[in-house]
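For reference, the structure discussed in these notes is given below.
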Number of protein chains: 2
Amino acid sequence: MMKTINVKINSCTYPIYIGRGVLHQIPKIFKQLKISGNLLVVSQKKILALHGARLRSILKKSGVNLSIHIVPDGEQAKSEKELFRLYEAMLRARLDRSSHVLAFGGGVVGDLVGYAASTFKRGVGLIHVPTTLLAQVDSAIGGKTAINLNAGKNLVGTFYHPRVIISDIEILKTLPRKVISDALAEVVKYGMMSGPALLGWLEKNIHRALEKNIGILEEIVLESARIKVRVVEADPYELYGYRDILNYGHTFGHAFEAVAGYRRLTHGQAVACGMVAAGDLARRLGISNSSLSDRQLALIRSSELPTSLKGFGFKPKNIARYFLVDKKVRGGKVKFVLPQRIGSLLVVKGISPSLIEETLKQLV
Amino acid sequence: MMKTINVKINSCTYPIYIGRGVLHQIPKIFKQLKISGNLLVVSQKKILALHGARLRSILKKSGVNLSIHIVPDGEQAKSEKELFRLYEAMLRARLDRSSHVLAFGGGVVGDLVGYAASTFKRGVGLIHVPTTLLAQVDSAIGGKTAINLNAGKNLVGTFYHPRVIISDIEILKTLPRKVISDALAEVVKYGMMSGPALLGWLEKNIHRALEKNIGILEEIVLESARIKVRVVEADPYELYGYRDILNYGHTFGHAFEAVAGYRRLTHGQAVACGMVAAGDLARRLGISNSSLSDRQLALIRSSELPTSLKGFGFKPKNIARYFLVDKKVRGGKVKFVLPQRIGSLLVVKGISPSLIEETLKQLV
């Protein structure tokens, strides 16, 4: 069964298709959306080794004129060099504004391809086929594209919405347990954002996602996508602050990733610890109580994610330094998203540095 | 006297201020638009030598925290290398999404800075202070930004609208006569688009623009901006084809520039010959008559622009080849904008290649 979420961005609408085996619906989807002509698939070797043959045969049935471009693994794919290598592939594939580029991969592929699609000839059609749980629940949704500069991650980017997102749950079966676990940090975030119903369901079922229970994974992708879409629709270009709550766990998390040199902590691990820190800070400010922090802590543990940064040798002062270079900082003021209760997150500015340091001391 | 044109793009509005000495209104304009904080001015050595001291002293009065970045002359400024050098300057100037970058120069500076502004941290504020007639009448208006790839000009870009455009007519007094002449190609285009009133006025006055008559230049900038704004407002993201008519003279013109290796012909010279070619082709198709072509020819001559490409040794076949790589081609069909009568341009597709070749043979 294929589920559809329609995303309304101003006067445009695009669908997200979620389900087991939706990859095989591509010929029908392309026909309906009038996607034809030159199509460039961008992916990575590992993904193509697992799913490339199947995707290729499905795309052949769709009647598009297919080219394939391979980018390296990891953040390296989001470099200046890889961006301009991708532009060259787009030229060779003879893409014009009526053509499409298809991002077949996780967040890194989606970010790079989305950025290139938004800028090549001032915009060609973009199709997301996310292959990781993280991309299906988070990064493919919301229109954010990015590449990295030497000075930092995602410092260059655009807002650019795809024609369609196709999230096949079957593909998730090939993911390692650790990669599923990592994505669950964002799922816990949605639980905290959404309310007691989803959080309670996650408390009962999140461990079964790690065992790659397809029904549970499908439910998680569907609910997560619905929550993110609702927030993105309210503020598609991040102008009004409505998207701030999506940053829950991320202000701390980005600083943790940075201080760990983007190697010693994964994004999910950093965000998990970021949510723990936010819970701790909320408690110190009297915004919430320890029972909320405890429930969150337990859910993070069920996701097999860390709840502390002890043993890394991080110094609170070094972490705090990174808050100021976060690209969401406007006019020098750091915003923190803090939990008030399940389903209610607050955006708080101007918190005293000494309180933040106490939270960091507790964590490292 | 400062004239204002308000540009409405969907739900946003920004002003274009046009007049003698409007540069001195910057402190007032910034206050009104709440522009403050870190500001990076991007310009070129020659422009700063002429107008830098004045701009700097005016900006100091505006209370912004000023940094300056210099880019090289010519299309070289729109290279990958210069783009990433500009991103580094934006990092050093500590720009965040509430900061602004100010493009102080002609089309090249505006294109590069607009592109960088639209992509750095997913968009910082953009201010255009165009210093050439071409930029004031055309390139600063309409939200198109671009950089070049090795394979061609403007192949990467975005649509991104500025907070404000400030067009000081006084600055045009330092332009060489040939540079004014070059910009008049676009002005002739607006005359052909607009109707008998503007065309008649131009026939009487365009030669006085070459003598840098300030009143005439002001009138030209004002009328041109009004016409372009009207078209851009109808189709800000070039989705519906309404902007096609702005391409009058440009389908031929881009091919002429390309075949001339972007060195032997300026943009204005190429567009002038492009309009002559469009007039000739319209006549061959029976869309218009020779009296229209003759009026256009005379106006181009008054602007001191060429009306023929004889002597360059171009071959019609080599020119025609470039139509197919133009980035506005969708699905392989070349669109030509042809004059029906003064004030009425038609977009025509599927013209027989042999007819186009006859027009090209006539011209080269």
Side-chain angles (χ1 to χ4, degrees), chain A residues 10-12 36-38 79-81 83-88 90-92 94-99 111 114-125 142-152 154-160 237-239 241 243 324-333, chain B residues 10-12 36-38 65 79-81 83-88 90-92 94-99 114-125 142-152 154-160 237-239 241 243 324-333:
Chain A
N10 299 330
S11 56
C12 299
S36 62
N38 296 341
S79 65
E80 174 189 348
K81 185 183 146 202
L83 172 66
F84 281 78
R85 216 171 60 82
L86 175 52
Y87 285 143
E88 277 165 32
M90 294 168 94
L91 283 167
R92 276 196 307 276
R94 297 187 169 277
L95 302 192
D96 63 29
R97 289 191 199 162
S98 67
S99 316
D111 280 2
Y115 184 75
S118 71
T119 53
F120 185 74
K121 298 189 180 179
R122 293 198 190 94
V124 300
K144 283 196 182 180
T145 81
I147 59 160
N148 302 330
L149 296 182
N150 292 333
N154 299 335
L155 283 173
V156 167
T158 54
F159 291 96
Y160 195 68
Y237 302 103
E238 213 166 50
L239 293 172
R243 280 171 87 141
L324 292 170
V325 295
D326 195 294
K327 75 185 163 312
K328 285 182 199 78
V329 173
R330 287 183 199 240
K333 280 214 175 168
Chain B
N10 300 329
S11 55
C12 299
S36 62
N38 295 341
N65 180 22
S79 66
E80 175 189 347
K81 185 183 145 201
L83 172 66
F84 282 78
R85 216 170 60 82
L86 175 52
Y87 285 143
E88 276 165 34
M90 294 168 94
L91 282 167
R92 275 196 307 276
R94 299 188 168 273
L95 302 192
D96 63 29
R97 288 193 199 159
S98 67
S99 316
Y115 184 75
S118 71
T119 53
F120 186 73
K121 298 189 180 178
R122 294 198 188 93
V124 300
K144 283 195 182 181
T145 81
I147 60 160
N148 302 332
L149 296 182
N150 292 332
N154 299 335
L155 283 173
V156 166
T158 54
F159 291 96
Y160 195 69
Y237 302 103
E238 212 166 49
L239 293 172
R243 279 172 87 141
L324 292 170
V325 296
D326 195 294
K327 77 185 162 311
K328 284 181 199 81
V329 174
R330 287 183 198 240
K333 281 213 177 170

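The figures that follow rest on heavy atoms only: side chains count, while hydrogens, waters and symmetry mates do not.
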Part of Tyr115(B) within contact of chain A (heavy atom distance under 4.5 Å): side chain
Nearest-0.5 Å distance, CD of residue Glu88(B) to CG of residue Leu155(A): 11.0 Å
Is Phe120(B) in contact with chain A via its backbone, its side chain, both, or neither, using a 4.5 Å heavy-atom distance? both
Heavy-atom pairs under 4.5 Å with chain A - which of Leu91(B), Asn150(B), Leu149(B) has more of them than the others? Leu149(B)
Sidechain-backbone polar pair: Arg122(A) side chain, Thr145(B) backbone, donor-acceptor under 3.5 Å: yes
Got a second to check how far Leu239(A)'s CG is from Cys12(B)'s SG, nearest 0.5 Å? 7.5 Å
Name the region of Ser118(A), side chain, backbone, both or neither, that has any atom closer than 4.5 Å to a heavy atom of chain B. backbone
Option that, when pairs with chain B are counted at under 4.5 Å, heavy atom only, ranks first among Phe159(A), Tyr87(A), Phe84(A): Phe84(A)
